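Structure, as structure tokens:
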2 protein chains.
Amino acid sequence: MSEPSGSSLARSTLARLRARIASGEWPVGTRIPTEPELSELLGVGRSTVREAIRSLATLGMVETLTARGTFVRSATPAPTLLVNALSAYEPAELIGLRRALDVEAAQSAAAHWTDGDLEAMESALREETEHARRAVAAVQGRGTHCARFHGAIAQASGNRLLSDLDASLSTALETAGLADQIAASIDVAVRIDEHDRLFTAIRGRDVAKAAHHMALHVDAALRGLSHKPVATDLTTLVAPAQRTPSARREAAS
Amino acid sequence: MSEPSGSSLARSTLARLRARIASGEWPVGTRIPTEPELSELLGVGRSTVREAIRSLATLGMVETLTARGTFVRSATPAPTLLVNALSAYEPAELIGLRRALDVEAAQSAAAHWTDGDLEAMESALREETEHARRAVAAVQGRGTHCARFHGAIAQASGNRLLSDLDASLSTALETAGLADQIAASIDVAVRIDEHDRLFTAIRGRDVAKAAHHMALHVDAALRGLSHKPVATDLTTLVAPAQRTPSARREAAS
DNA sequence: TGTTATTTGTTCGTATGTATG
DNA sequence: TCATACATACGAACAAATAAC
């Protein structure tokens, strides 16, 4: 697999625990045996068990709650590793990836959303509108609703990788303190209007228009970060999206 | 950071060790202090140190050799972890990400390539052409050259994240045995012709056309995988690209 | 409210195998 | 071969947090 599968007992113990989780013997959400139980079950010392469990925790596969036990959180280490990998990059680079993912997700979502996906997107959009109406002039610059709608779109793409990366990116942007900044850079009414048009395009299975609106939307949100060196350059990327749908005249080149 | 930074001593110890490595206090290749030394240095017990070190090893940042000590292998979580994370997803999902990254990279590359980037792309393209001319009817279905050109474009985007993800994706596709399949799905002459047009667009700073050609190119390469369940759906995404500018050029060729 | 049992958190001592000189 | 240093591994013991009664 992934691990060097070293010869040390702790490593092999990690591999054995991981295998049990991956096989579904200990499903996500359930509690695994206590440390003394595992010690006897696997025939290794408790210290060794703890090292293995700690490794599983850093992989994001389990979470251990003091005096409560350790619980399975994910059958694979993937999402956590993605978040970890993203944390090593500059904000401008993260934003570049977000544009790539969101545009692709919008296209893919338009191509094959299911009834459940549509429901989720509609719900997120409705809740966002409702919330904006209630707390009109309030602080309300939170990007939570925006992220929820985008997350629903990523989900609707039917591509777990896109969805996971999107969620990981949101986390990374959040910890980088950029989420609020992005949310504040665009007027709430405008944002909801853009979301509305985007949703209409996706619901109508119009892949091209979905890509177009998403590109416009992301670029608009990014324009607020124009003081960032690279983000400035990214705003020039609005051009293709604007020209693409109706640029028949270009064909003659 | 990425870690939950839990309140446990082991977690904070992991964070402290990780910070020392990231700061360069313990450079890559060097040996970190022994466990008893770390125990005293950090003011925690040896078992706690061991758990933290084991986690670092799981992240690929250190490697511990029996009776020799533990050595720093990487200042950040190992890149191989990214490949690892990607390998947990379905081929169709990987391909969806590739489309997103490549299209974005093409746009960004067109927006701000440097002289060095242009040189690299031109070199890769020239070598590809040369190689195709020499080994005309040979086996030569290798995707190596294709990957090199795409890698050069990702590099020219100026976004390390896009570049790294692109490289990781190539590796993941390679290990999944999909690289050759993709390369074989498109005629060499057609591929080089598409690369040529793509390069011309990028060199001309035409962001829109770069995005368009890249989308067409990726979709064309993906069409060969139409027997895959989800990949079939992905080919429907050709639609937006075909409706745009040079769809008729494709019909002509 | 408080008491008790369970479970994880942390430390320490010790034994063992292995690499180095 | 021997001695030293170090990582590996085990288990005992106590602390702290949590849940159930």
Side-chain angles (χ1 to χ4, degrees), chain A residues 3-21 25-74 80, chain B residues 1 3-21 26-74 78:
Chain A
E3 297 311 315
S5 76
S7 49
S8 86
L9 232 189
R11 272 192 190 290
S12 65
T13 302
L14 166 60
R16 284 205 278 168
L17 291 179
R18 189 171 163 174
R20 296 211 183 205
I21 292 176
E25 182 175 341
W26 296 326
V28 173
T30 62
R31 205 193 73 169
I32 70 176
T34 67
E35 290 174 359
E37 284 171 344
L38 286 176
S39 179
E40 187 186 7
L41 176 64
L42 302 175
V44 297
R46 189 180 158 218
S47 302
T48 306
V49 169
R50 282 185 58 78
E51 288 180 20
I53 288 182
R54 185 73 63 188
S55 289
L56 280 178
T58 71
L59 289 177
M61 295 181 66
V62 304
E63 181 182 7
T64 107
L65 273 27
T66 301
R68 282 195 44 106
T70 90
F71 298 80
V72 180
R73 289 292 176 241
S74 169
T80 301
Chain B
M1 289 290 170
E3 295 309 316
S5 75
S7 49
S8 86
L9 233 191
R11 271 193 191 290
S12 65
T13 301
L14 167 59
R16 285 205 279 168
L17 291 179
R18 191 171 164 173
R20 295 210 182 207
I21 292 176
W26 295 328
V28 174
T30 63
R31 205 194 74 169
I32 71 176
T34 66
E35 289 175 0
E37 284 172 343
L38 287 176
S39 177
E40 187 185 6
L41 177 64
L42 302 175
V44 298
R46 250 191 55 223
S47 296
T48 305
V49 170
R50 282 182 58 77
E51 288 179 18
I53 288 182
R54 184 74 64 189
S55 289
L56 281 177
T58 303
L59 289 177
M61 295 180 66
V62 304
E63 180 183 7
T64 127
L65 304 176
T66 302
R68 282 197 44 109
T70 87
F71 297 81
V72 180
R73 290 292 176 240
S74 168

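Throughout, a chain's letter reflects where its sequence line sits, starting with A, and its residues are numbered from 1. In this text, all values refer to a predicted model and were calculated from it rather than measured experimentally.
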Next on the checklist: For the CZ atom of A/R31 and the CG atom of A/L65, what is their distance to the nearest 0.5 Å?
Outcome noted: 11.0 Å
Give me, pair by pair, the N or O atoms of the protein and of nucleotides 17-21 of chain D that are less than 3.5 Å apart, along with how far apart they are.
| residue | atom | partner | partner atom | Å |
| --- | --- | --- | --- | --- |
| D/dA19 | OP1 | A/R68 | NH1 | 2.7 |

Checklist outcome for this item: Testing C/dT11, D/dT8, C/dT8 for proximity to the side chain of A/R46, the answer is C/dT8
Checklist entry - Taking the side chain as C-beta and beyond, is there a heavy-atom pair between B/R54 and A/S8 under 4.5 Å? => result yes
Item to check | Pairing residues for A/A52 by the side-chain contact (heavy atoms from CB on, under 4.5 Å) criterion, not counting sequence neighbours | outcome: A/T13, A/L14, A/L17
Checklist outcome for this item: The reported gap from CE in A/M61 to OG1 in A/T70 (rounded to nearest 0.5 angstrom) is 11.5 Å
Item to check | B/S39 side chain vs B/E35 backbone, donor-acceptor pair below 3.5 Å | outcome: no
Item to check | Nucleotide D/dA7, atom P - distance to CD of B/E51 in whole Å | outcome: 17 Å
Item to check | Base partner of C/dT1, which must satisfy Watson-Crick or wobble distances under 3.5 Å | outcome: none
Next on the checklist: Let me confirm one number: the CG-CD1 distance from A/L56 to A/I21, rounded to the nearest 0.5 Å.
Outcome noted: 5.0 Å
Next on the checklist: Nearest whole Å is fine: how far is D/dT8 P from A/R11 CZ?
Outcome noted: 9 Å
Checklist entry - Is any side-chain nitrogen or oxygen of B/S47 closer than 4.0 Å to OP1 or OP2 of D/dA9? => result no
Checklist entry - A/R50 side chain N/O closer than 4.0 Å to the phosphate oxygens (OP1, OP2) of C/dG9? => result yes
Checklist entry - What's the CD-P distance between A/E63 and C/dG9, to the nearest Å? => result 11 Å
Next on the checklist: Using a 4.0 Å cut-off on heavy atoms, which residues in residues 29-43 of chain B reach DNA chain D? List them by number, or say none.
Outcome noted: B/T34, B/E35
Next on the checklist: A/L59 vs A/T80, test: side-chain contact (heavy atoms from CB on, under 4.5 Å). Steps then yes/no.
Outcome noted: CA-CA 6 Å; A/L59 289 177; A/T80 301; 6.0 Å; no
Next on the checklist: Please report the distance, rounded to the nearest Å, between CG in A/L9 and P in C/dG17.
Outcome noted: 13 Å
Next on the checklist: Using the rule given for side-chain contact (heavy atoms from CB on, under 4.5 Å), can you reason through A/I32 versus A/R20, listing the C-alpha separation, both sets of side-chain angles and the distance that settles it, and then say yes or no?
Outcome noted: CA-CA 10 Å; A/I32 70 176; A/R20 296 211 183 205; over 6 Å; no
Next on the checklist: Applying side-chain contact (heavy atoms from CB on, under 4.5 Å) to A/L38 and A/I53, what does each step give before you reach the verdict?
Outcome noted: CA-CA 10 Å; A/L38 286 176; A/I53 288 182; 3.8 Å; yes
